Amino acid sequence: MLLVFFWMPVTGCSDSGAPNSYSWYRNTPVWELAKAVRSNDTAKMREIASQEGVDVNFQEPHYGQTLLMTAIANKHTIFRGIKTPTIRTLLELGADPNIFSYSEMGQNAVLVSCEVNYPEALDLLLKYGGDPEAPACRTGKWANDYTPLIAAALTFFDSSDTRCLELLLRAGADVNQPTPITGETPAMASKAVGHYKQLLFFLENGASLEDSFPSVVYRDSNGTRKLVTLLESLRESTPPLDSETFQYKRKVIEYLKTRGLDYDTVPIPEPVISWIQKKYPDSWQDYLKKY
């Protein structure tokens, strides 16, 4: 699994100079348009966009973002949070949802909307021709290797919300689409970070039961994590019994049993038992019975 970095420092001011900052448009032909977008002034946006030399798809010179990407990225900013009518206006003015930024973090508006969990924007992007499967695929300092489904499944913003996942599948995204570099699927990515609600969603919508998952505890002689089945991988997961993560893990287990895969027949690996004893020293025996 190639480590995924999401670019968005979305809890601070949108003029901070970060990758999602409107300040990168200063001294460019679209600075006035950028200010109108930042202010959610759709009438002003239309007025400025009609002027000669104003390209709504202009890519700022630092990261190669368009105003559509920047606006969506600022969904959760403390100051001047973007509003959905602003996204709609940009699209009506010709903003292209499939343009990729040209930095090492190369992404497009669809990926950004999934990362920040903005289903209203994603719905609009898909209606205006956004590609539900276009992956981020970059190597280098900021290594990105993921698809829109994975971006939506791994979002930091209300990870219990599956609306973006539903929109992507309705638009034709392949639930088993692998990433370009590592071949990771949405189910594999969800399991890797313990997002079991998303994993259940993918399984219920046709995710392959034949995927192999990198083991947490077993490595080969070179130190590479061995690949195990989904059931074996679930045995390596030890969330607190009173957590939502555990509740959704149990739902995954129950679903798999309806597909002929019985979690209870899989032995608990000795390293996992040792880990449970350390993690839950006062209740490890009870935990082993229930997890």
Side-chain angles (χ1 to χ4, degrees), residues 1-6 143 145-147 149-162 165 175-176 178-179 181-291:
M1 175 182 177
L2 187 63
L3 187 61
V4 173
F5 288 92
F6 294 145
D145 179 41
Y146 60 97
T147 63
L149 279 174
I150 290 178
L154 271 58
T155 181
F156 296 111
F157 299 96
D158 191 4
S159 60
S160 66
D161 188 353
T162 60
L165 300 178
V175 72
N176 292 304
T179 58
I181 299 175
T182 63
E184 186 174 43
T185 65
M188 293 166 67
S190 299
K191 168 59 185 65
V193 298
H195 283 194
Y196 289 108
K197 183 174 183 178
Q198 286 75 8
L199 175 58
L200 180 63
F201 175 88
F202 291 133
L203 291 170
E204 290 177 337
N205 283 277
S208 172
L209 299 178
E210 305 301 321
D211 281 346
S212 296
F213 296 77
S215 173
V216 175
V217 298
Y218 293 113
R219 298 178 183 269
D220 61 24
S221 57
N222 296 319
T224 302
R225 291 194 294 173
K226 291 184 177 181
L227 297 179
V228 296
T229 67
L230 176 54
L231 288 180
E232 291 170 326
S233 183
L234 288 170
R235 272 298 188 197
E236 298 179 342
S237 173
T238 60
L241 296 179
D242 60 353
S243 67
E244 184 180 60
T245 298
F246 176 77
Q247 297 305 316
Y248 273 103
K249 178 188 171 183
R250 292 304 311 179
K251 290 181 180 181
V252 168
I253 291 168
E254 292 165 6
Y255 172 80
L256 291 173
K257 196 165 187 176
T258 69
R259 299 290 304 276
L261 299 175
D262 190 349
Y263 172 83
D264 293 326
T265 65
V266 178
I268 305 173
E270 286 298 328
V272 175
I273 294 176
S274 297
W275 168 244
I276 290 172
Q277 289 173 330
K278 294 177 181 178
K279 188 175 182 181
Y280 305 106
D282 298 324
S283 59
W284 67 270
Q285 290 173 314
D286 184 56
Y287 188 92
L288 286 175
K289 295 175 184 177
K290 296 179 179 178
Y291 100 108

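Nothing here was measured: the structure is a model prediction, and the numbers come from that model.
Every side chain to side chain donor-acceptor pair (under 3.5 Å) that T185 has, sequence neighbours left out, goes to D211. Taking Y263 as the reference, nothing meets the ring-ring contact (aromatic ring centres under 6.0 Å, His included) condition, with sequence neighbours excluded.
With D220 contributing its side chain and N222 its backbone, the two residues share a donor-acceptor pair below 3.5 Å. Panel note: side chain K191, backbone L230; no donor-acceptor pair is recorded below 3.5 Å. With S237 contributing its side chain and L234 its backbone, the two residues share no donor-acceptor pair below 3.5 Å.
With a 4.5 Å cut-off on side-chain heavy atoms, L209 and L256 count as touching. Contact check for I150 versus M188: no side-chain heavy atoms found under the 4.5 Å cut-off. With a 4.5 Å cut-off on side-chain heavy atoms, Y291 and R235 count as touching. Residues L227 and P214 are in side-chain contact: their nearest non-hydrogen atoms beyond the backbone lie under 4.5 Å apart.
Of all non-hydrogen atoms in P239 and S243, the two that sit nearest each other are CB-OG, 3.8 Å. The two atoms that bring A207 and A187 nearest to each other are CB-CB, 4.2 Å, heavy atoms only. Of all non-hydrogen atoms in L154 and S190, the two that sit nearest each other are CD1-N, 4.3 Å. Contact record, S233 with V228: N-CG2, 3.8 Å, taken as the closest heavy-atom pair. K290 approaches R250 most closely through the heavy-atom pair O-NH1, 3.8 Å. Nearest heavy-atom pair across Y218 and P271 is OH-CD, 3.8 Å.
Here the straight-line distance linking atom CZ of R219 with atom OG of S221 works out to 12.5 Å at 0.5 Å rounding. The CG atom of D264 sits 9.5 Å away from the CD1 atom of I268 when rounded to the nearest 0.5 Å. The line from CZ of F213 to CG of L231 is 9.5 Å long, rounded to the nearest 0.5 Å. Considering CD1 of I273 and CG of L288, their distance stands at 6.0 Å, rounded to 0.5 Å. Annotation: the span from D286 atom CG to L241 atom CG amounts to 7.0 Å, rounded to 0.5 Å.
In this structure, K251 is positioned above the aromatic face of Y248, its NZ or CZ under 6.0 Å from the six-membered ring centre and within 45° of the axis.
Looking at T238 and Y280, their side chains never bring a donor and an acceptor atom within 3.5 Å of each other. Side-chain contact, E232 with S215: no donor N or O sits under 3.5 Å from an acceptor N or O.
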With a cut-off of 3.5 Å and sequence neighbours excluded, list every side-chain donor-acceptor pair involving residues 198-206.
unit_1, atom_1, unit_2, atom_2, d
Q198, NE2, S159, O, 2.0
N205, ND2, F201, O, 2.8

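Partner of K197 under the side chain to side chain contact (heavy atoms under 4.5 Å, CB included) criterion, out of T245, D161, T162: T162 alone.
At most 12 non-hydrogen atoms from other residues, nucleotides or ligands lie less than 6.0 angstrom from NZ of K257. Atom CD of E244 is surrounded by 12 or fewer heavy atoms from other residues, nucleotides or ligands within 6.0 Å.
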Practice problem: Would you check, one step at a time, whether the test side chain to side chain contact (heavy atoms under 4.5 Å, CB included) holds for W275 with E236? | Solution: CA-CA 10 Å; W275 168 244; E236 298 179 342; over 6 Å; no
